[in-house]
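Residues take their numbers from the sequence shown, with the count starting at 1.
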Amino acid sequence: MTPRADPHRPLVVGVGAAHGVSADEVHALVLSTLAEAGRTPDAVAALATVDAKAGEPGLLGAAERLGVPLLTHSAGTLAAIVVPNPSEASRAALGTASVAEAAALASAPGGELLVPKRRSAPSGRASMATAAVARRITTTSRKRTDAMDTHDLRHHGDAEVRDDGAKLTDLAVNVRADTPPSWLRERIADSIGALAAYPDGRAAREAVAARHGRPPGQVLLTSGAAEAFVLLARAFAPRHAVVVHPQFTEPEAALRDAGHAVHRVLLRVEDGFRLDAEAVPDEADFVVVGNPTNPTSVLHPAGALARLARPGRTLVVDEAFMDAVPGERESLASRRDLPGLVVLRSLTKTWGLAGLRIGYALAGAETVAALERAQPLWPVSTPALTAALACCEPRALAQAEAAAHRIAADRAHLLIRIAGLNDTAEPADAGGVRVAGPAAGPFVLLRVADGLGVRERLRALGFAVRRGDTFPGLGPDWLRVAVRDRDTSDRFVAALGEALAARSG
């Protein structure tokens with residue numbers, strides 16, 4: 001009797017083979033490929049291959065030795081799966097450019113490739129078999145995977161100032177201080193009289209569209225930019241989703257919650273956390289990147305981001321902090337020529353509206369329609385719509401631009417003061433402060449030895465800063481600090497110096 005695939009075993013091994021391959025060769029290759037993944041045969045639910053190889057004795061024999069079934073898929077099914085190592089020879093012979101990788105993924109829907117295609121290495125002759133390992137993602141295994149991830153994707157800056165942190169000077173949250181301005185508060189307050197009617201977002205949608213030179217059908221108003229990540233995860237079914245880290249963690253959390261496997265591209269501190277477009281796999285059909293990026297404050301060139309756009313790929317650019325950049329240089333918000341581009345914006349940071357929840361997505365009309373279908377009715381309140389309309393008016397845009405220049409000047413002042421903490425005898429990597437960058441957002445990312453200890457000492461001195469170890473790609477020595485006015489920055493740097501001195505002592 002042919003064994004059934006054990007639903008509790010997480011792995012599927014895809015196998016390809018030349019006619020006449022021996023069971024010994026296939027079995028040895030499966031074992032070595034599993035060992036590369038750090039796994040043993042008792043984690044394997046099945047072997048998988050293409051229909052044309054269903055009766056190959058060597059494959060059947062290897063499956064029998066492992067005590068698992070040999071699953072098969074049509075060439076058409078396998079040909080539709082994007083894999084990292086396609087083969088034109090396989091396409092010509094079997095009608096699919098991949099057998100091992102595609103069969104493994106086809107038998108692990110929603111899963112991920114742990115080990116890409118490997119060839120057997122028999123002594124004295126050519127290889128006759130290939131294998132790849134995929135992990136099936138079930139509800140149980142996803143919870144286990146999340147538990148193994150040391151990064152708390154749901155931790156955000158507001159956690160630093162709740163409860164006992166309410167009396168601290170808040171440098172953990174990136175919402176601009178002294179906002180919203182009085183004129184905006186008055187406009188929002190005036191809208192309260194219309195709460196008996198259902199929200200009508202048409203005027204706000206048209207205002208946002210005009211602000212970015214788009215038709216209204218390319219705008220979707222959302223309950224903050226964070227809602228847009230959830231809508232994207234619901235509306236799309238990516239086969240190979242990539243999140244470029246370090247960055248805001250909600251995109252990855254939303255994708256995971258929707259059941260999608262997420263692949264990470266980690267930018268390197270040695271490169272200043274700047275984007276290398278070549279690091280994003282060609283097979284990625286859904287890519288998320290921030291610009292300027294939270295928490296690194298790095299502003300990626302628009303041209304580098306544009307190179308990531310291509311037919312068949314959804315490119316999500318989170319521009320939540322772009323209006324804090326003078327001139328919004330490097331923005332893609334008005335680009336309508338890039339296939340699959342989705343730009344997300346937030347009005348909560350510059351205008352101090354985090355409690356109101358208002359943002360929007362800019363994309364092609366078909367994408368906007370798909371996102372809207374995933375959205376509940378009347379998702380944005382009347383006061384939030386009023387704020388969106390007001391913040392697109394010429395007066396508001398001029399104030400936002402003036403605020404961006406003021407933030408840039410205040411950030412420069414903060415960085416000069418921080419640089420003063422590093423004397424020539426103690427460079428940043430040997431006990432001083434290292435700044436990621438160059439910074440372009442309303443926050444800076446600092447690296448200090450014993451970062452968590454320094455953070456706690458700063459709290460004792462009256463300052464809340466954002467821990468960095470919850471961001472993939474960063475560790476406990478990273479701290480994110482919001483840019484504030486010069487007096488606040490002077491007081492913070494004095495406290496930071498004291499916290500560093502206490503560490504050294």
Side-chain angles (χ1 to χ4, degrees), residues 5 9-19 21 25-39 41 43-54 56 58-60 62-63 66 68-121 126-138 141 145 237-242 260-265 279-287 312-313:
R9 294 185 175 190
L11 304 184
V12 176
V13 181
V15 288
H19 178 63
V21 67
E25 183 171 343
V26 176
H27 186 248
L29 174 60
V30 169
L31 294 183
S32 65
T33 308
L34 287 170
E36 186 174 343
R39 302 302 182 94
V44 176
L47 300 188
T49 192
V50 66
D51 282 349
K53 299 295 180 178
E56 189 64 46
L59 298 184
L60 292 169
L66 293 164
V68 300
L70 178 65
L71 307 179
T72 63
H73 303 275
S74 70
T77 296
L78 300 187
I81 296 176
V82 177
V83 297
N85 299 291
S87 164
E88 289 304 317
S90 175
R91 191 196 307 274
L94 298 169
T96 173
S98 171
V99 174
E101 292 174 335
L105 290 170
S107 300
E112 60 182 340
L113 202 63
L114 291 185
V115 181
K117 181 172 67 177
R118 298 291 184 256
R119 293 188 176 276
S120 58
S127 169
M128 296 183 69
T130 58
V133 180
R135 179 176 62 187
R136 300 189 299 183
I137 303 295
T138 63
S141 64
T145 300
R239 294 187 299 271
H240 191 115
V242 167
H260 306 306
V262 177
H263 304 261
R264 294 173 176 172
V265 169
V280 177
D282 288 340
E283 64 271 19
D285 60 348
F286 191 97
V287 178
R313 170 184 287 176

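- You'll find the side chain of P41 reaches within 4.5 Å of the side chain of L31, heavy atoms only.
- Between P281 and H240 the shortest side-chain heavy-atom distance falls below 4.5 Å.
- Of all heavy-atom pairs between A103 and G14, the closest is CB-CA, 4.4 Å.
- Scanning for side-chain contact (heavy atoms from CB on, under 4.5 Å) contacts around T130 gives A100, K117, R119, with sequence neighbours left out.
- For A284 against V287, the heavy-atom pair with the smallest separation is CB-CG2, 3.9 Å.
- Judged as a side-chain contact (heavy atoms from CB on, under 4.5 Å), and not counting sequence neighbours, A28 has no contacts.
- With rounding to the nearest 0.5 Å, the separation of CG in L94 from CG in D51 is 10.5 Å.
- In this structure, CZ on R39 lies 6.0 Å from CG on L114, to the nearest 0.5 angstrom.
- Every residue meeting the salt bridge (Lys or Arg N to Asp or Glu O under 4.0 Å) condition with E25, not counting sequence neighbours, appears here in chain and number order: R125.
- Not counting sequence neighbours, the partners of R118 by the salt bridge (Lys or Arg N to Asp or Glu O under 4.0 Å) test are E36.
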For residues 75-88, tabulate all N or O donor-acceptor pairs below 3.5 Å that involve a side-chain atom, not counting sequence neighbours.
unit_1	atom_1	unit_2	atom_2	d
T77	OG1	S74	OG	2.9
N85	ND2	E101	OE2	2.7
S87	OG	A89	N	3.3
S87	OG	S90	N	3.1
E88	OE1	R91	NE	3.1
E88	OE2	R91	NE	3.4
E88	OE2	R91	NH2	3.1

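- The CG atom of L47 lies 11.5 Å from the CG atom of L11; values are rounded to the nearest 0.5 Å.
- A donor-acceptor pair under 3.5 Å is absent between the side-chain atoms of T72 and the main chain of T49, judged by distance alone.
- Among residues two or more places apart in sequence or in another chain, the side-chain contact (heavy atoms from CB on, under 4.5 Å) test is passed with A18 by M128.
- Contact record, L71 with S107: CD1-OG, 3.8 Å, taken as the closest heavy-atom pair.
- Taking every heavy atom of both residues into account, V21 and A17 meet most closely at CG1-CB, 3.5 Å.
- When all heavy atoms of A241 and A261 are compared, the closest pair comes out as CB-O, 3.8 Å.
- No option in L34, V26, L66, V115 other than L34 meets the side chain to side chain contact (heavy atoms under 4.5 Å, CB included) test with V13.
- Remark: side-chain polar atoms of D285 are not paired, donor with acceptor, to backbone N or O of R313 under 3.5 angstrom.
- A pairwise comparison of heavy atoms in A131 and T33 identifies CB-OG1, 3.9 Å as the closest pair.
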